[in-house]
Amino acid sequence: MTRRELLSIPLACAATRAQTRYPGAAYRDYSRCLPDYLRGLVGPAYQRRSAALSRLTTPEAIRERQRWARETFWKLVGPPPERTPLKARTVGSFERAGYRVEKVVYESVPEFHVAANLYVPTGVQPPFPGVLFQMGHTTNGKAGDSYQRCCQGLAKLGYLVLAFDPMGQGERIYYPDSSGTRTRLRSADDEHTTPGKQLLLLGDTSSRVQVWDAMRSLDYLAAHPLVDPKRLASTGQSGGGTLTMLLAAADDRLAAAVVCAGNTENFVCANFNPPGSTDDAEQDFVGSGPLGFDRWDLLYPLAPKPLLTVVSDKDFFGTYSSQYIASGWEEFGKLKKVYETLGRPDQLSWIGTPLPHGLSYDSRLHVYNWFGRWLKGETTRITEEPPTQPEPDATLWVAGSGSVVRSFGSQTPFTLNRSRRVSRVKGSWQQLLAVERTTLNATMLGRVPSARGVEVEALDIPVATRVWLPAWVFRPRKADPSRPVLVAIEPAGRNLRWREGQVYQELAAEGHVVCVPDLRGVGDLTPEYGRGAANYGRSHNEEEDYAWASLILGRPLVGQRVSDILAVVRAMGGRAVVAALGKMTVPALFAAALEPGIRALYLSGGLVSFRSVVETEDYNHPFANFVPRLLEHADLPEIVASLAPRRVTLAGPVDGAGKAAKVIPGGHLEVLPESRWDLESLRKMVS
């Protein structure tokens, strides 16, 4: 046999196999459905934004884009509140060689206290350029080691520096443990995101809270008698770099900015890697995808003022997503053309460091040199940082207790949101779900016999582009066509109770048709892992990441699951009783409000209201069910009431903390004291 003949054998075998249809059930790779669905949303959004940017060929077009970017930013994050008195006061100070640190507290909104350190140069004459220093996600905020070094270095170089604690960091820890100064949550990221999710329900965002703190801090800095208000700048690393981007979008007083290792990665990007670069709540702009707004749009209003982007070249596998460098560099090129069109190409620069994520020594030198060039007109480069020595955390404390809540009685994002007055707005809550309906038919992949005269079908149900649902259908051999189908929806998916002797086959043996589907994100539809570094892939493959991604792209995950339920009901003939357990009760309730073919609802262990989530500091309801601005339109009890006269059973309803909630029965509403999911309770619904 020749070598050519030997190599041709695998090809011949492959061709033979291709001609023979596989005889088993033709299951899909369901783990790709949700990721592929998101890719399908990203592609058009990316093309729309790229096309809009390609038209920025004149100063007039650029100015219009800048206006649009600032206006859209406020539309996405929530309108700025009224400027109220800062009530700033200095409560202490200490001297060091070349600078003085003043301990300052002020209120960005009434009774919402911000703790800050003002670094004042000594031995040089004012007025000074002013630098607002914004913190990355260190739990000790402004006391972070490298952040102190940069603030000290800037002060010794003649800058008036204001370093303030962001929400949830330093002296503004809002979920303290028994110490009162450390968070009981996993990280500073959770200090931002835990209240940030609650804020969405009432139409607010942690982005708005954070940028407003920065703007009020800039108010304090700009009004200081030692500062030159025409030479104001902002910088920060990691989350502080991202907050500098937010401030650049919102406030035109900045004369220059340096973004160090901020989230300079667009969510809607080329080669999108689901679930994408979901991060802290303030970095995820809900609904931005359909509008063609993304993170780099934050920087367009700053043009052509001096802007430096400093990145860690290993952050695409060390900190951020796999597209961090690729997306950032692509978007930098687009912004560079804007600076060129405006005649200032030298005022935009990108510098990388091979070091890990952090405000490293070389990055701090870049900050000093950029501000020296553009705020002070210096031509000699700084090659060595002035001597620095970080202070113990307590030395920098503005509050004696290390907590603005304990010392000054500060409000928290949770308490401010809980006390917010909400007026109902025009429009339908149903529109917030962005539900899709299918007209495609389901496919039966196989049918096999089971015990006690039951047959089990494997169903494949189309819902949306690139999305199909797998479902089990348990049929008695002699089904009564007058009885409604029971659609049972479980958080763990369809494979938990499929066996003979378990509840669904027992119901079928009694003559009931039962359909048990997987919905997007659960069971066999649990998404595959994305590409890139294992640590990032694992940590961003949670349901919450897909919920954030879906919100950014304008398709709430709960709305997708409502679409799934409606497709299942249609596949089963359009007439059903729906039973849902735990977190699946919310999409089931929404689906029933949209589909009159759902004759009755059994909701076991379900949330009683989203208002209870807003009122619960340590809530535990899954974010996948959150609908931004829902409480401006309706809440779950109103939706339950709207289903009358259809029967609704709430078994063991719970509040936002997962504790038993009191609900008054009456009319079409039955309330059971315990959450049950057994033969007796489900049989009652279909009998």
Check: Quick one: does Gln323's side chain get under 4.5 Å of Ser277's, heavy atoms only?
Finding: no
Notebook entry, point to check: Do NZ/NE/NH1/NH2 and the carboxylate oxygens of Asp219 and Arg253 come within less than 4.0 Å?
Noted result: yes
Notebook entry, point to check: Out of curiosity, Leu607 CG to Lys583 NZ, how far, rounded to the nearest 0.5 Å?
Noted result: 13.5 Å
Check: With a 3.5 Å cut-off and no angle check, do the side chains of Thr649 and Glu670 form a donor-acceptor pair?
Finding: yes
Note to self: Within the 4.5 Å heavy-atom criterion, are Gln134 and Phe164 side-chain neighbours or not?
What the structure shows: yes
Checklist line | Partners passing side-chain contact (heavy atoms from CB on, under 4.5 Å) against Glu111 (at least two apart in sequence or in another chain) | finding: Gln411
Next item on the list: Check whether the side chains of His633 and Gln430 place a donor and an acceptor atom closer than 3.5 Å, and report yes or no.
Entry: no
Item checked: Chi angles and distances behind the side chain to side chain contact (heavy atoms under 4.5 Å, CB included) call for Ile489, Ile565 -> CA-CA 9 Å; Ile489 306 168; Ile565 295 170; 3.6 Å; yes
Next item on the list: Cation-pi check, Arg216 to Tyr106: give yes when NZ or CZ is under 6.0 Å from the six-membered ring centre and within 45° of the ring axis, no otherwise.
Entry: no
Next item on the list: Using modelled atom types only, decide if a donor and an acceptor are shared between the side chain of Arg172 and the backbone of His113 within a distance under 3.5 Å.
Entry: yes
Next item on the list: For the pair Gln169 (side chain) and Thr138 (backbone), establish whether a donor and an acceptor sit closer than 3.5 Å, ignoring hydrogens and angles.
Entry: yes
Margin query: Quick one, Thr183 with Asp190, criterion side chain to side chain contact (heavy atoms under 4.5 Å, CB included). Give me CA distance, side-chain angles, the key distance, then yes/no.
Written below: CA-CA 9 Å; Thr183 182; Asp190 295 284; over 6 Å; no
Next item on the list: Evaluate the side-chain proximity of Phe408 to Glu107: yes if any heavy-atom separation is below 4.5 Å, no if none is.
Entry: no
Checklist line | Rounded distance (nearest 0.5 Å) linking atom OG of Ser539 with atom CG of Asp545 | finding: 7.0 Å
Note to self: Quick check against the 3.5 Å criterion: does Thr244 have a side-chain atom that pairs as donor or acceptor with the backbone of Val259?
What the structure shows: no
Next item on the list: Name all residues meeting the salt bridge (charged side-chain N to carboxylate O under 4.0 Å, His left out) criterion together with Arg538; count only those two or more places apart in sequence or in a different chain, and write none if there are none.
Entry: none
Checklist line | Donor-acceptor under 3.5 Å (Asn625 side chain, Val558 main chain) | finding: no
Check: What do the steps show when you test Leu200 against Phe623 for side chain to side chain contact (heavy atoms under 4.5 Å, CB included), and what is the final call?
Finding: CA-CA 11 Å; Leu200 290 176; Phe623 183 54; 3.9 Å; yes
Next item on the list: Kindly indicate whether the side chain of Pro517, heavy atoms from C-beta on, has any atom under 4.5 Å from the side chain of Val487.
Entry: yes
Margin query: With heavy-atom distances below 4.5 Å as the criterion, would you say the side chains of Lys659 and Thr616 are in contact?
Written below: no
Check: Is Arg186 atom CZ crowded by more than 12 heavy atoms from other residues, nucleotides or ligands, each under 6.0 Å away?
Finding: no
Next item on the list: Go through the structure and list residues passing salt bridge (charged side-chain N to carboxylate O under 4.0 Å, His left out) with Arg629, not counting sequence neighbours.
Entry: Glu632
Next item on the list: Could you tell me whether the side chain of Glu191 and the main chain of Leu185 form a donor-acceptor pair under 3.5 Å?
Entry: no
Next item on the list: Looking only at non-hydrogen atoms, find the nearest pair between Pro301 and Gln66 and report the distance.
Entry: O-NE2, 3.7 Å
Check: Judged by atom type as modelled, is there a donor-acceptor pair below 3.5 Å linking the side chain of Asp655 to the main-chain atoms of Ala657?
Finding: yes
Check: Taking side chain as C-beta onward, heavy atoms only, is Leu246 less than 4.5 Å from Ser207?
Finding: yes
Notebook entry, point to check: Are the side chains of Ile664 and Val671 in touch, meaning some heavy atoms are under 4.5 Å apart?
Noted result: no
Margin query: To check you understand the geometry: which heavy-atom pair defines the closest contact between Val268 and Gly289, and what is its length?
Written below: CG2-CA, 4.3 Å
Margin query: Strictly by salt bridge (Lys or Arg N to Asp or Glu O under 4.0 Å), give each pair with a member in residues 589-601 just once, sequence neighbours left out.
Written below: Arg437-Glu595
Note to self: Does Phe293 form a side chain to side chain contact (heavy atoms under 4.5 Å, CB included) with Phe285? I'd like the steps, not just the answer.
What the structure shows: CA-CA 9 Å; Phe293 183 95; Phe285 303 126; 4.1 Å; yes
Check: Is the shortest distance from a Lys or Arg side-chain nitrogen in Arg49 or Glu331 to a carboxylate oxygen in the other one below 4.0 Å?
Finding: yes
Notebook entry, point to check: Does the side chain of Asn263 pick up a donor-acceptor pair with the side chain of Gln283 at under 3.5 Å?
Noted result: yes
Checklist line | Student check: side-chain heavy atoms of Arg65 and Leu53 closer than 4.5 Å | finding: yes
Check: Closest approach of Ala580 and Ala588, non-hydrogen atoms and distance?
Finding: CB-CB, 3.6 Å
Check: Within the side chain of Trp468, is there an N or O that forms a donor-acceptor pair under 3.5 Å with the backbone of Tyr30?
Finding: no
Check: Which pair of heavy atoms, one from Pro556 and one from Ala434, lies closest together, and at what distance?
Finding: CD-CB, 4.2 Å
Checklist line | From CZ (Phe272) to CZ (Arg39), nearest 0.5 Å | finding: 8.0 Å
Next item on the list: Measure the acute angle between the ring planes of Tyr619 and Phe626, then classify it against the limits of 30° and 60° as parallel, tilted or perpendicular.
Entry: tilted
Checklist line | Residue pairs, two or more places apart or on separate chains, that pass salt bridge (Lys or Arg N to Asp or Glu O under 4.0 Å) and touch residues 277-293 | finding: Asp284-Arg295
Check: Aromatic ring centroids of Trp68 and Tyr300 under 6.0 Å?
Finding: no
Next item on the list: Could you tell me whether the side chain of Asp204 and the main chain of Leu199 form a donor-acceptor pair under 3.5 Å?
Entry: no
Margin query: Quick check against the 3.5 Å criterion: does Arg418 have a side-chain atom that pairs as donor or acceptor with the backbone of Val614?
Written below: no
Next item on the list: May I have all residue pairs that pass side-chain hydrogen bond (donor to acceptor under 3.5 Å, both in side chains) and include part of residues 546-557, sequence neighbours excluded?
Entry: Ser550-Gln560
Checklist line | Any donor-acceptor N/O pair, Arg466 side chain to Asp36 backbone, under 3.5 Å | finding: yes
Checklist line | Distance, nearest 0.5 Å, that separates OG1 of Thr585 from CG of Leu650 | finding: 8.5 Å
Next item on the list: Determine whether the side chains of Asp213 and Ser108 contain a donor N or O and an acceptor N or O closer than 3.5 Å.
Entry: yes
Item checked: Contact summary for Thr465 and Tyr37, nearest pair of heavy atoms -> O-CD1, 3.7 Å
Next item on the list: Flag yes if more than 12 heavy atoms outside Lys334 fall under 6.0 Å of its NZ atom; otherwise flag no.
Entry: yes
Next item on the list: Please state whether the rings of Tyr602 and Trp677 are parallel, tilted or perpendicular, taking 30° and 60° as the class boundaries.
Entry: tilted
Note to self: Could you report the tightest heavy-atom contact between Val463 and Ala567, atom names first, then the distance?
What the structure shows: CG2-CB, 3.9 Å
